[in-house]
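Input: a single structure, listed below in structure tokens.
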Amino acid sequence: MESGAMYTELDLFIGGERIGSALRSGEPVLNPATGDVIGTLPHATRADLDRALETSARAFKVWKRTLAVDRAKIMRRAADILRDRQERIAQILTLEEGKPLRESRAELTLSIETLDWMADEGRRSYGRVIPGHTPDARVLAVREPVGPVAAFTPWNFPALTTLRKISGALGAGCSIILKAAEETPGTAVEIARAFEDAGLPDGVLQLVFGVPADVSEYLLASDVIRKISFTGSTRVGQNLAAMAASRSIRFTMELGGHAPVLVFPDADIDKAVELMGGFKYRNAGQVCVAPTRFFVHEDVHDRFASALTAFAANLKVGDGLDEASTMGPMANLRRVDAMQAMVEDAKRTGATITTGGERIGNAGYFFAPTVMTGVQDAARILREEPFGPIAPIMRFSGMDEVIAKANSLPFGLSSYVFTASERTARIVSQELEAGMVAVNSATVSLPQAPFGGIKSSGEGSEGGIEGLQAYTQTKLVVQQ
Ligand code: NAD
């Protein structure tokens, strides 16, 4: 197991202590490029979770009374440590998740910038002074940290999803228990270590692993937890939101999407192909905001389809640790099986595969970058989030028709529009039912901007001022 040499020791971080796999039973962690075991992950016991909850309650009292300027110093120190270790963590991330190294580096850069940004924004968590009802009254709306947070992150962006939640919580003055994805634990362990080394008081950030449903149910049932933040599938998110609602605690949900791309006849087609092709196959399509339904005007449909087919066919699929690879494996075998089933279903309903459409080899979880045309409404891929490297292309002829198609699903995360017309850009960005609209751009994820979905794609935002406020509650103070 050659590649295991670069991996990291996997620990739980509970109550200021690290607990390794020698002390707890757990599960193996695999390299998706080879299927090899690269580490053993310890699972937290019930007693561990109880200790994490008690510690989080205690640490919250310490952290919320820490001056915002001092909180920011520790957060910025952690950001510097992560920057120093960026290359090593990028290798760990690629080893456990599969994405090409350059994508792991870019994910870490954005994650660390998010931490820096929230460190500073925490110093500007202002309230309001409101005109009083009597001459002597002082009426204030103040923002307070909401309390200990339980956060659950997925395997596709193990650094970004994790640091978005940690940064918002710590910046606002909350303690946080993080349950990171069991498939990609090494990145979260490295992040927890960086905060430990930066001098974060014990217990402000704790890291646990286990059987996801058992851990989330147990933490959510505790009176200690005052907020949850989850990134993952709509099905799981809705269950967790229902549990949170039954205890009247706050939640932020970043769930699935099925992003429409609208390419109008006046668009710069080369730019649209380059941006959307690059985004479609990033992380082998396992991105919640990836473009997944390509609606292309009939006048430019054939040109777009053949250019995207050529783009996909030219990608170099291989182990993410190989610098030459431009697309890595899927993160697990479940996704390969899901891709195969979606391709077969689309073919049955009349779609033409213009490139790809099958698994590559038997070692590791590689699936060929795929483009399909003539996809009918009945195909599953147009209703279910593909979460993989498949681009279905459909023709349209009118603006109302394409807006109705784009809005026809319960999802509302991101959407992409390509046009040279100001008027089209304005109308479409107004009419699309989505939390995020990018016009002639593929960028929707910035530290300073809110990132989030509407409809079944989620509730609340991460990033920007909204991402900090999500961890605060408002208190009215009326003083006579
Ligand atoms: P899944 O729903 O089983 O798991 C998604 C993530 O949620 C995993 O990290 C898992 O550990 C965690 N999880 C699962 N059940 C949980 C629970 N009861 N409590 C807390 N955490 C829980 O799906 P999967 O097979 O890993 O991925 C498939 C689908 O998940 C994809 O098709 C995609 O729709 C969705 N997904 C979305 C994102 C995103 O960024 N929004 C990320 C990963 C997966």
Side-chain angles (χ1 to χ4, degrees), residues 154 156 231-239 241 253-263 276 279-281 283-297 301 304-305 308 312 330-332 334-354 356-358 367 369-398 400-417 428 431-437 444 452-459:
N156 60 337
T231 300
S233 63
T234 297
R235 180 185 58 82
V236 173
Q238 287 176 342
N239 286 341
M253 293 287 154
E254 299 292 348
L255 308 179
H258 206 332
V261 183
L262 280 55
V263 182
M276 290 295 97
F279 201 179
K280 172 70 251 179
Y281 301 106
N283 197 20
Q286 304 164 113
V287 181
C288 56
V289 289
T292 46
R293 292 179 293 149
F294 291 76
F295 297 104
V296 183
H297 192 273
H301 173 278
F304 183 92
L308 190 65
M330 312 220 60
N332 52 55
R334 298 193 298 285
R335 301 276 8 110
V336 176
D337 295 342
M339 292 309 98
Q340 256 157 355
M342 279 193 176
V343 168
E344 289 316 314
D345 170 80
K347 283 206 277 202
R348 252 194 319 275
T349 52
T352 304
I353 309 299
T354 61
E358 55 202 10
F367 197 85
T370 301
V371 177
M372 50 175 78
T373 55
V375 189
Q376 303 300 314
D377 287 346
R380 270 181 50 208
I381 194 160
L382 293 192
R383 282 173 283 120
E384 292 170 31
E385 182 181 26
F387 225 64
I390 307 181
I393 306 180
M394 288 71 62
R395 293 174 191 270
F396 76 89
S397 50
D400 292 347
E401 169 207 350
V402 75
I403 290 172
K405 282 258 160 92
N407 289 341
S408 65
L409 297 185
F411 298 107
L413 195 56
S414 62
S415 53
Y416 305 90
V417 182
V428 177
E431 296 301 322
L432 282 177
E433 295 170 1
M436 297 170 274
V437 182
V444 289
I454 59 169
K455 296 166 78 177
S456 305
S457 291
E459 167 58 32

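Treat the numbers as computed from the prediction; the structure is a model and nothing was measured.
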- Query: Can you name the closest pair of heavy atoms from I454 and G435 and give their distance?
  - Reply: CG1-N, 3.8 Å

- Task: Work out which heavy atom in R383 is nearest to a heavy atom in A378; give both atom names and the distance.
- Result: NH2-O, 2.7 Å

- Note, S456 side chain near Q238 side chain (heavy atom, < 4.5 Å): yes

- Hey, does the side chain of R335 reach the backbone of F387 with a donor-acceptor pair shorter than 3.5 angstrom? yes

- Taking every non-hydrogen atom, the tightest pair across T373 and A305: CG2-CB, 3.9 Å

- Message: Contact between V263 and H297 at the side-chain level, heavy atoms closer than 4.5 Å - yes or no?
- Response: no

- Message: Main chain of V371, side chain of T354: is a donor-acceptor contact present, judged purely on distance under 3.5 Å?
- Response: yes

- Message: Quick check on side chain to side chain contact (heavy atoms under 4.5 Å, CB included): which of T292, T370, V343, I390 does I381 satisfy it with?
- Response: I390

- Got a donor-acceptor contact below 3.5 angstrom from the T234 side chain to the G256 backbone? yes

- Item | Distance (rounded to the nearest 0.5 Å) between L262 CG and I403 CD1 | 7.0 Å

- Gap separating the CE atom of M253 from the OG atom of S457, nearest 0.5 angstrom: 13.0 Å

- Item | Smallest separation among heavy atoms of A259 and A290, with atom names | CB-O, 3.3 Å

- Message: Is the shortest side-chain heavy-atom distance between P389 and M330 below 4.5 Å?
- Response: yes

- For S415 and L432 the tightest heavy-atom approach is OG-CD1, 3.4 Å

- Task: Please confirm whether the backbone N or O of A406 pairs with a side-chain atom of R293, one donor and one acceptor, at under 3.5 Å?
- Result: yes

- Note on the structure: Smallest heavy-atom separation, A379 atom then A346 atom, equals CB-CA, 4.3 Å

- Query: Quick one: does E385's side chain have a donor or acceptor within less than 3.5 Å of a partner on H258's backbone?
  - Reply: no

- Item | Test item: N156 side-chain N/O and N283 main-chain N/O as donor-acceptor pair under 3.5 Å | no

- If only atom types and distance count, is the side chain of K455 paired as donor or acceptor with the main-chain N or O of N407 below 3.5 Å? yes

- Message: I'd like to know whether E358 forms a side-chain contact (heavy atoms from CB on, under 4.5 Å) with I353, so could you lay out the CA-CA distance, the side-chain angles of the two residues, the decisive distance to 0.1 Å, and finally the verdict.
- Response: CA-CA 10 Å; E358 55 202 10; I353 309 299; over 6 Å; no

- Item | Identified ring pair (Phe, Tyr, Trp, His ring centres under 6.0 Å) partner of Y416 from the options F294, F295, F279 | F279

- Message: Under a 3.5 Å distance rule, please check whether Q376 uses its side chain to pair with a backbone N or O of G374 as donor and acceptor.
- Response: yes

